[in-house]
Each structure stands twice: as C-alpha cells, then as structure tokens.
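Residue numbers start from 1 in every chain, and the chains themselves are labelled A, B, ... in the order their sequence lines are given, proteins ahead of strands. What you see is a predicted model, and the numbers here were worked out from it, not measured in a lab.
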There are 2 protein chains.
Amino acid sequence: MHMSYVRETSAGYLTNWAARLFARAIERRLAGGNSGPMPVFFALQDGGAMTQKELALLAAVEQPTMANTLNRMERDGLVQRTPDPNDRRSARVSLTPLGLERARAAFVSAIEVNGIATDALQPEEREQFYGMLRRIIAALERDAGAQ
Amino acid sequence: MHMSYVRETSAGYLTNWAARLFARAIERRLAGGNSGPMPVFFALQDGGAMTQKELALLAAVEQPTMANTLNRMERDGLVQRTPDPNDRRSARVSLTPLGLERARAAFVSAIEVNGIATDALQPEEREQFYGMLRRIIAALERDAGAQ
DNA sequence: TGGATTTAGATAGCAAGCTATGCACATGAG
DNA sequence: CTCATGTGCATAGCTTGCTATCTAAATCCA
C-alpha cells in the first residue's frame, strides 16, 4: 500500500483536496474576499437576522469559529449585531447593505464554481454525488457522536 | 434559492463539511496527534527521504504550508532534516523512529475512518465516488491554472 | 425566593491553509 | 568569469478551523 494507492483512493485525502480547491476557486473570483463568510451570506441573504448560535448550527461549525468569522465580518462592515431585547446575553446578526451586496456577488461566484465542478460529472451523476456526500457526512457525524 | 437549497446541493459546501469531519474523525483516534502530518507520513512511511518541495507537491499544498508542517513535526521529533550535500539550499526530510511509529498508527486510523465513510456507500458506488472526486479536482485545477 | 444548572457568547491558544515577499545558493548565457 | 535569472526555503501576516475554558445571563426547582 504505497503513496499512490493512498493518494488515489483515500476519501479523506481527496475530499480535503477538493475542499481547498473549491475555497480557492471562489476566493479568486471575490477579489480580496474570503470564503469563510459564505455560510453567513447564504443564511442572511434574504435580509433576516439570526443569533450566532443559529448561524453556527447552519454552517456546521463550532461556536468560537462562528464568533471569529462574525467579528471579522463586523470589522469589515458586512454584518451588524443588534442586542436581543429578550435575552441580554444574545444578539441578532444581520447583513449591512454592503454585506448584502457582497452576498450577492458571493452567490454568483459559488454558483459558477459549482458549475465548473459539476460539469466534470455526467448529468445523472450529479444528484448521486450529492447523495453520496450526504451519506458520508451522516456516517462521520454518527461516528463523532459516538465519541 | 434558499439556504436549504444551498446547504443540500452546493458541492463546495458539502465537500468542505465532509473534509472537516474526516480530519476530526482521524484526530479523535490519534490522541493528541493531528491530521496535518498525514501526507508526510504516507510519503515517507517506507523509510525514504524527500525534499520539502517534493513533499509539498505530493501533498498538494503550497511550499510555506509544508514548511510549517515540517517545522512542527521536527519540533515534535517526528522528522529529521539532513542537509543535501549537492545543494546547500536544500535538505532531505525523513521520518525518525518515533515518526515511523506515529505514521503506522495514523495509517490504521485513516483506513478505519475511510471504512466508516465508504460503508455509507454501496460497494459499486465506491470507485465511482473516487472517480467523481478526481474529475472534480482535475476540473478545479484546470480552473486555477487558467487564472 | 434563592441556589444550581443550563445556555449564549467571549477569549486564549493552537494547527493548517493561503499569498506575498525576501534571501541565499545554483545555473546558464555571454 | 561574471552577472542575470531561476530555484529552494524561510518568514510575515492573514483566515478558518478546532478544543478548552470563562463570564454573565436565563431558567429551573426545591
């Protein structure tokens, strides 16, 4: 079992590699923008507001990761935090006008990159690919849950 | 096109999510170990030596990323750098005995996690999944090459 | 009501990824 | 031989991800 074997048939290796290529392809199209805010853009693109916790859940990242992402986005004028009147620990996060603008651009880039990737698949393979990834994600989350 | 659509059918989103789950699943099994050295382990598990550049190429990461990974591995006693007698800019990197031991453990964990993931697929889907990922990687690398 | 527990977020510290840039050594052209 | 160019690696500085831990507010229960 040599490197070539591992490189070609390790699902983890290939998945990590593909994920980095996706992120870089999107970032090249965003001229200075990064791909980290993408899940926040998608979650709030309709003008809605969410708590940090809800955003972390949707993005499937840990709370401190989302906290840092939101701090950078706030620093860059992309989101605003409005204190929750019902819970003084919490704040509702929403996109600023600049954030909405960037969200739309990010959406365009994401769709374009997604298209480049799925063009490498046969039409009937595409749904299958999503399905397989979702099953793998579910299996690995079960593994994580079982300690 | 709402969040739910994006979450379920964005190849980039799903791939990034799966990649993080793979890395965490391996790290949970390595008790303090990290998944970054994995490509180095695989490349050098047979006792061979490579330059940093060769390792970066095999791992498909940039040179500074590999430089940092090797620094951490050297700090932790996993690799040694031997000056190249033919080129004073370069060094040959090889695993220490401790590094070889960790490499074998990492290999076992990687195979186990890979098994958990591929068990979520039908046997005939497995080769297909690797093939699709490889085609997507190739497409995104072409995109990167074309600026 | 008051204390224990839960929950939302903040903070610290690290790994792994990237780009940009600098330096020293190697190499090739004249 | 010398000088321009190329190459291998190091460094700086950033983002995104993680775990561990803290604080403060909310909630639950006796």
Side-chain angles (χ1 to χ4, degrees), chain A residues 12-13 15-28 30-40 50-57 59-76 78-79 81-93 144 147, chain B residues 12-13 15-28 30-41 50-57 59-76 78 81-93 144 147:
Chain A
Y13 183 89
T15 305
N16 173 279
W17 191 0
R20 285 184 286 120
L21 287 169
F22 269 113
R24 277 188 278 171
I26 289 178
E27 284 166 11
R28 275 196 310 278
L30 289 181
N34 304 309
S35 64
M38 292 276 310
V40 179
M50 284 189 194
T51 65
Q52 186 182 108
K53 183 190 171 72
E54 290 168 330
L55 287 168
L57 234 156
V61 298
E62 298 300 319
Q63 169 262 318
T65 299
M66 184 52 67
N68 282 331
T69 296
L70 293 177
N71 284 343
R72 284 186 296 268
M73 291 180 75
E74 192 173 38
R75 175 201 66 194
D76 298 339
L78 304 178
V79 295
R81 287 174 159 117
T82 312
D84 184 331
N86 300 322
D87 188 337
R88 283 195 294 156
R89 295 168 303 178
S90 194
R92 317 274 304 162
V93 179
Q147 267 72 307
Chain B
Y13 183 89
T15 305
N16 173 279
W17 191 1
R20 286 183 287 119
L21 287 169
F22 269 113
R24 277 189 278 172
I26 288 178
E27 284 166 11
R28 277 196 308 277
L30 289 181
N34 303 309
S35 64
M38 293 275 309
V40 179
F41 284 156
M50 284 189 193
T51 65
Q52 185 182 108
K53 182 191 171 71
E54 289 168 331
L55 287 168
L57 233 156
V61 298
E62 298 301 318
Q63 169 263 320
T65 299
M66 183 53 67
N68 283 332
T69 296
L70 292 176
N71 283 344
R72 284 186 295 267
M73 292 181 74
E74 192 173 38
R75 175 201 66 193
D76 298 339
L78 304 178
R81 287 173 159 119
T82 313
D84 185 331
N86 300 322
D87 188 336
R88 283 194 295 157
R89 292 169 306 178
S90 194
R92 316 275 303 162
V93 179
Q147 267 72 304

Once you round it to whole Å, what is the distance between [atom2] of [N] and [atom1] of [X]?
{"X": "A:Leu57", "N": "C:dA8", "atom1": "CG", "atom2": "C1'", "value": "13 Å"}
{"X": "B:Gln63", "N": "C:dC18", "atom1": "CD", "atom2": "C1'", "value": "12 Å"}
{"X": "A:Arg89", "N": "C:dA8", "atom1": "CZ", "atom2": "P", "value": "6 Å"}
{"X": "B:Asp87", "N": "C:dT27", "atom1": "CG", "atom2": "P", "value": "7 Å"}
{"X": "A:Leu70", "N": "C:dT11", "atom1": "CG", "atom2": "C1'", "value": "15 Å"}
{"X": "A:Arg28", "N": "C:dT19", "atom1": "CZ", "atom2": "C1'", "value": "13 Å"}
{"X": "A:Arg81", "N": "C:dA8", "atom1": "CZ", "atom2": "C1'", "value": "12 Å"}

Please identify each residue that fulfils salt bridge (Lys or Arg N to Asp or Glu O under 4.0 Å) with [X], with sequence neighbours left out.
{"X": "B:Arg20", "answer": "none"}
{"X": "A:Glu54", "answer": "none"}
{"X": "A:Arg72", "answer": "none"}
{"X": "B:Arg92", "answer": "none"}

Nearest non-hydrogen partners of [X] and [Y], listed with the distance:
{"X": "A:Asp84", "Y": "A:Asn86", "value": "OD1-N, 2.7 Å"}
{"X": "B:Ile26", "Y": "B:Ser35", "value": "CG2-CB, 4.5 Å"}
{"X": "A:Gln52", "Y": "A:Met66", "value": "O-CG, 3.8 Å"}
{"X": "B:Gly36", "Y": "B:Thr69", "value": "O-CG2, 4.0 Å"}

B/S/- contact track for nucleotides 12-17 of chain C, protein heavy atom under 4.0 Å:
---SBS

First-last contacting nucleotides on DNA chain D - partner chain A, under 4.0 angstrom, heavy atom:
D:dT15 to D:dA26

Return the OG1 to CG distance between A:Thr65 and A:Leu55, rounded to the nearest 0.5 Å.
13.0 Å

Would you indicate what A:Ala23 reaches in the nucleic acid, counting non-hydrogen atoms under 4.0 angstrom: base, sugar-phosphate, or nothing?
nothing

